[in-house]
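These notes concern the structure reproduced below.
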2 protein chains.
Amino acid sequence: MARIAQTRSPRGVAGTRRGRPASAARPSANIRKVRQAGRREAILAAALAEFSARGFTATRLDDVAKRAGIAKGTIYLYFRDKESLFQELIRTMLSPLVGTIEALRDADVPVRMLADQLVELFVREVFLTRRKDVIRLMISEGPRFPKLAEFYYREVLSRIIAALRALLRRAHERGEIANDAVVRFPQLIAAPGIVAIIWTGLFDRFETIDVRAMMKAHVDLLFTQRSAA
Amino acid sequence: MARIAQTRSPRGVAGTRRGRPASAARPSANIRKVRQAGRREAILAAALAEFSARGFTATRLDDVAKRAGIAKGTIYLYFRDKESLFQELIRTMLSPLVGTIEALRDADVPVRMLADQLVELFVREVFLTRRKDVIRLMISEGPRFPKLAEFYYREVLSRIIAALRALLRRAHERGEIANDAVVRFPQLIAAPGIVAIIWTGLFDRFETIDVRAMMKAHVDLLFTQRSAA
DNA sequence: TATAAATGACTGACCGGTCAGTCATAATCA
DNA sequence: TGATTATGACTGACCGGTCAGTCATTTATA
């Protein structure tokens, strides 16, 4: 069933392939390179779908292959083994986040505004994409992949937290933030997002959650100004 | 290794057994009954340890048996199958929580105070106990056990949330809470706790987190009063 | 045609679940 | 009370299905 939609590539290409005029035109061929990259992506996409649905151990590489439209053996041309596939999947998907976040770091706008942008970023780039599933995977399987957890902490989390902390401290000193709770625990900023990811995975069919609204409400809390009573 | 400590029972008892004065005294003998209860608990404890360490699929019932100090077959005298064992484990551990929380519901103390008690309750009864691991299991494996998720939502979460919502609304109307964010999203109250559970599972070795402090700080945020500027 | 890529049948380890047999305990009897 | 029989909790070897990983063969490419 299921059948993966995105990452067009292999089968389709191979099928239509036939009538190609000549191997001319392109210098020689990184057609191969391109195709290989496509394969790789197809495998990663299929792996994400399967790992998300069943978890690491219960995922069958046969199914990943079928979903990617290739033979099982092919997977081993691109990845050393199942675990390696899993780890590269997570690395590939989460690494880009750091840059995006760090880009915001030095912007010199009111923190309040930055926070709103952060929420928007999270909703658009994580919650509404497959990255949400990757984070869920990280949460579920991470404890059994110490190496992966370490990578994630070192390369992603610690950087984000450091950036946030600096940012928030500045804001607190400027008086933009009344309470120093978030300065001491920057994790609090992400908390509603994490909870939303978990919630939708478990209970969406019983009660949906409006992530954006919840995160915005939370940001409001964090930035509550002392105002005349 | 490992060897479970609690739940003394079988072998030990059988060994010392010999010199019992007579089968007198006790009506007849539910020694058997008692032993059985012990077994059940031993299995559940072992299962929790193994499931926590490896996840549902990767857990071997052979290991559970070894850890509980029994033979594999014995597990099947107490639980229908692996899945059933898993589900009963979670039910058994989490069900008691509801009562405890609902007990707080109608107390007529300032909500602020109640919130502090809630934090304390969470830290003492969840975070510092094995229930923390059960919640982690629920988060990790829940998506693959719809029945379990449903049970948890219906029997535990929805009740807690309902109670919280009522409580918070009252407080908001009384002016004890300035911002209505938590009224609309009671999940926010639990968010730091959830995040702490996940964090410790993944990153404790890199950076510890002071749950109590974080939760208290967060509660402070939620209850920030408008004060003269 | 020579080389590289892809395939999928195959292997062997692994593990959930079973069940015939054992033995401590309970029940019955003398 | 001590001997005898009945019970059923417990055991662990075993079976059958599953699946990660391999590799001889086929297919596509230069």
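Naming: A, B, ... by sequence-line order, numbering from 1 per chain. Only this structure's heavy atoms are used, side chains among them; waters, hydrogens and symmetry mates stay out.
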When the C1' atoms of the five terminal pairs at each end define the local axes, what inter-axis angle does the helix from dT1(C)-dA30(D) to dA30(C)-dT1(D) show, to 10 degrees?
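The angle separating the two end axes equals 10°.
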
Answer yes when [X] and [Y] have at least one side-chain N-carboxylate O distance shorter than 4.0 Å, and no when they do not.
X	Y	value
E50(A)	R60(A)	no
E207(A)	R165(B)	yes
R144(A)	E141(A)	yes
E120(B)	R212(B)	yes
R40(A)	E88(A)	yes

Length of the line joining [X]:[atom1] and [N]:[atom2], which is rounded to integer Å:
X	N	atom1	atom2	answer
L61(A)	dT7(C)	CG	C1'	15 Å
Y78(B)	dG8(D)	OH	P	14 Å
R40(B)	dA9(D)	CZ	P	14 Å
K66(A)	dG8(C)	NZ	P	12 Å

Quick test: give all pairs of protein nitrogen or oxygen and nucleotides 11-14 of chain D nitrogen or oxygen below 3.5 Å, distance rounded to 0.1 Å.
residue, atom, partner, partner atom, Å
dT11(D), OP2, A71(B), N, 2.8
dT11(D), OP2, T74(B), OG1, 2.4

More 5' along DNA chain D: R80(A) or A58(A), using each one's nearest nucleotide?
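On the 5' side of the pair lies A58(A).
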
Considering only heavy atoms from C-beta outward, does the side chain of L61(A) approach that of L85(A) to under 4.5 Å?
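They are in side-chain contact.
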
What N/O pairs connect the protein and nucleotides 15-18 of chain D at under 3.5 Å? Give each pair on its own line.
none

So D63(B) and R54(B), side-chain contact (heavy atoms from CB on, under 4.5 Å) or not? Walk me through it.
CA-CA 11 Å; D63(B) 290 343; R54(B) 310 192 201 298; 4.2 Å; yes

Given 3.5 Å as the limit, does a donor-acceptor pair link the side chain of T200(B) with the main chain of A196(B), or not?
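Judged by distance alone, yes, a pair lies under 3.5 Å.
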
S52(A) side chain vs A49(A) backbone, donor-acceptor pair below 3.5 Å
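No; zero donor-acceptor contacts below 3.5 Å.
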
Could you list by number each residue of residues 81-89 of chain B showing a heavy-atom separation from DNA chain C of less than 4.0 Å, or answer none if no residue does?
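D81(B), K82(B) - these, ordered by number, are the residues of the stretch whose heavy atoms sit under 4.0 Å from the strand.
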
R124(B): side chain to side chain donor-acceptor pair (under 3.5 Å) partners, not counting sequence neighbours:
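With neighbours one apart ignored, the set is empty.
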
Under the rule for side chain to side chain donor-acceptor pair (under 3.5 Å), what residues qualify as partners of Q187(B), not counting sequence neighbours?
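Once residues adjacent in sequence are excluded, Q187(B) has no partner under the side chain to side chain donor-acceptor pair (under 3.5 Å) criterion.
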
From CD1 (I139(B)) to CD1 (I194(B)), nearest 0.5 Å:
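It comes to 5.0 Å.
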
Measure from the ring center of F79(B) to the ring center of F86(B) and say whether it is less than 6.0 Å.
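When the ring centroids of F79(B) and F86(B) are compared, they turn out to be at least 6.0 Å apart.
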
